Amino acid sequence: MVASYGSRRSAQHRHRLRCHRPSPWILGGSMLMAGLLAPAEAEAQEFLALATTTTTTMQYMLLEPWVNNPEPIVWPQLPLLDLAATLRPTARIPQGGAVRLFAIGSSNLLWETWLEQLHLLLTRLEYQVPLVDSKGLIKNRTRPDATARCDDIEALDALATLRIAKPGWASWGFAFEDQADCNAAGFRPFLGHSVSCTNGWQCNPDLTGSDAFIRPSVVAEVAKDADVVVLSNWVNDFTMRFQGNACFEGGEVLPPEDVSLTVASLLTLIRAIHAANPEVAVVVMAKYPGAIGKMTGPVYTAINSAVRLQLIGEPKTYFVDFNFPTDEPMFLASRSGHPNCRGDRLFAQGIVNVLFKAGIINRGVATAKEEDCPIFAGCESYSGREDCCQAKAECWVNEGLCLNYSEGEP
């Protein structure tokens, strides 16, 4: 069943909005959503450590203080909203306001639906999502090239959201204003290392695409008109040491030094954006889990912790991490290593809830703890408990019912 998001629901499907108060934890001066694992300093050095998880609870990290919510308020019936939502009485962008989105990333913005799902989720929460103007400075890409056929594909296909998508690129492809310091062999000095000036998968010049590099100043000129900028442009950094280290001259770059390249690149781009407009909220997405076929493989807890720790204190900057279940298919068979519709939906919910916790928007998506929900007997068993439904990767709320949310491909 596909929702018609602009139509009124039938009377039997109209539900009162359930309100939930988030429970913040305090760790090291920063406030976390309940469920975030506290990273130890020693863990941040164990960059190759692999772990698995069975929870579908998403993790949130704010890198600057935020104000605790008072007791929740009860909102009246919402004609477009099937979701269980967390609410706060004040936020920078109130319900009905505009959330202008702009994303910078790699192939996950070409072959996945997470940005469309984020756009749609904000719409379902009754925000406007105007299109950010590319100003002719970047390619006016507002749609992915090819994605899975999600259950709500008609609604997703109707949306346009500006993005820079560079398959295979590392974060430093977005961190330099020119290539004047590239040597004859095509490498440049960067934090004591010699890094390839070729931006593409494994630094292969045949896979670079139409742009040799992306200037941070150009990104900032476009991003200054956005309310929220999402960065998913560093997920390939870890893999740049593969294939004989073609991306580095003079030997491989081992952890933690490769993470220092990531953080320096991210900060260059974030600070360029904030120099143009200090009010832009920048959300840095974690490196999502690896895949074993269609199932969740290694998770990069230590790498994500190391990046997050070094971003703490950066103004208007937020880090969002994700847990994928290990007992449900979460990845595409057709696009190795890329999350399917279910994974993309978790991405969208995670970003929305970071924006909510940061006080940027006043509505978030409620996700109940497993122990607070009835025994799971298929998605339909959670109908009427939207907060439980929304916590399951394989389920979604549609017209008042909890239904299976398919992978998006056979």
Side-chain angles (χ1 to χ4, degrees), residues 60-64 91-93 97-106 108-110 112 114-119 121-122 127-135 137-144 159-166 169-175 177 211 214-235 262-288 307-308 311 313-321 344 347-348 350-361:
Y60 313 104
M61 179 67 194
L62 301 187
L63 304 178
E64 61 178 3
R92 197 181 101 193
I93 306 173
V99 181
R100 296 165 297 173
L101 286 175
F102 177 36
I104 299 98
S106 56
N108 57 71
L109 284 171
L110 286 182
E112 294 180 42
W114 68 261
L115 187 57
E116 283 63 48
Q117 298 221 33
L118 174 58
H119 185 148
L121 183 54
L122 287 167
Y127 291 96
Q128 302 175 57
V129 187
L131 182 62
V132 174
D133 187 0
S134 68
K135 303 178 182 179
L137 298 174
I138 60 173
K139 183 176 181 179
N140 193 38
R141 185 184 293 278
T142 61
R143 292 282 308 145
L159 304 175
T161 317
L162 188 66
R163 73 204 66 199
I164 298 175
K166 294 297 179 182
W169 282 33
S171 59
W172 45 87
F174 306 84
E177 289 294 326
D211 296 305
I214 298 291
R215 294 179 173 85
S217 60
V218 169
V219 175
E221 182 61 28
V222 176
K224 72 179 184 181
D225 294 332
D227 298 293
V228 176
V229 173
V230 185
L231 301 182
S232 64
N233 65 325
W234 70 278
V235 296
T262 295
V263 172
S265 300
L266 288 173
L267 287 175
T268 295
L269 191 55
I270 291 167
R271 289 170 180 173
I273 292 169
H274 284 152
N277 182 352
E279 297 305 312
V280 174
V282 178
V283 177
V284 179
M285 290 176 63
K287 179 175 174 60
Y288 46 81
V307 172
R308 175 180 57 77
L311 293 177
E314 194 68 17
K316 297 292 193 302
T317 302
Y318 312 96
F319 191 89
V320 58
D321 203 351
D344 288 344
F347 288 169
I351 294 168
V352 161
N353 280 344
V354 159
L355 297 176
F356 169 78
K357 294 291 290 181
I360 296 165
I361 58 177

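These figures come from a predicted structure and were not determined experimentally.
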Check whether any side-chain heavy atom of [X] sits under 4.5 Å from a side-chain heavy atom of [Y], and report yes or no.
X    : Y    : answer
V283 : L231 : no
E112 : Q117 : no
D211 : K166 : yes
S134 : K139 : no

Do N233 and S171 pass the side chain to side chain donor-acceptor pair (under 3.5 Å) test, and can you show the C-alpha distance, the side-chain angles, and the key distance before you say yes or no? CA-CA 5 Å; N233 65 325; S171 59; 5.6 Å; no
Check: [X] side chain, [Y] main-chain N or O, donor-acceptor pair, under 3.5 Å:
X    : Y    : answer
W234 : M285 : yes
R92  : I360 : no
H274 : V280 : yes
N277 : K224 : yes
R163 : T142 : yes

Parallel, tilted or perpendicular: rings of F347 and W114 (30°, 60°):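 W114 vs F347 ring planes: perpendicular.
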Taking NZ, NE, NH1 and NH2 as the nitrogens, is one of them in K287 or D321 under 4.0 Å from a carboxylate oxygen of the other?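 No, this pair does not count.
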Can we say D225 and K135 salt-bridge, meaning some charged N sits less than 4.0 Å from an Asp/Glu carboxylate O?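 Result for this pair is yes, salt bridge flagged.
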What distance separates L109 CG from S232 OG, expressed to the nearest 0.5 Å?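 Reported to 0.5 Å precision, the distance equals 4.5 Å.
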Do S217 and E177 have side-chain atoms, one donor and one acceptor, less than 3.5 Å apart?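 There is such a pair between these side chains.
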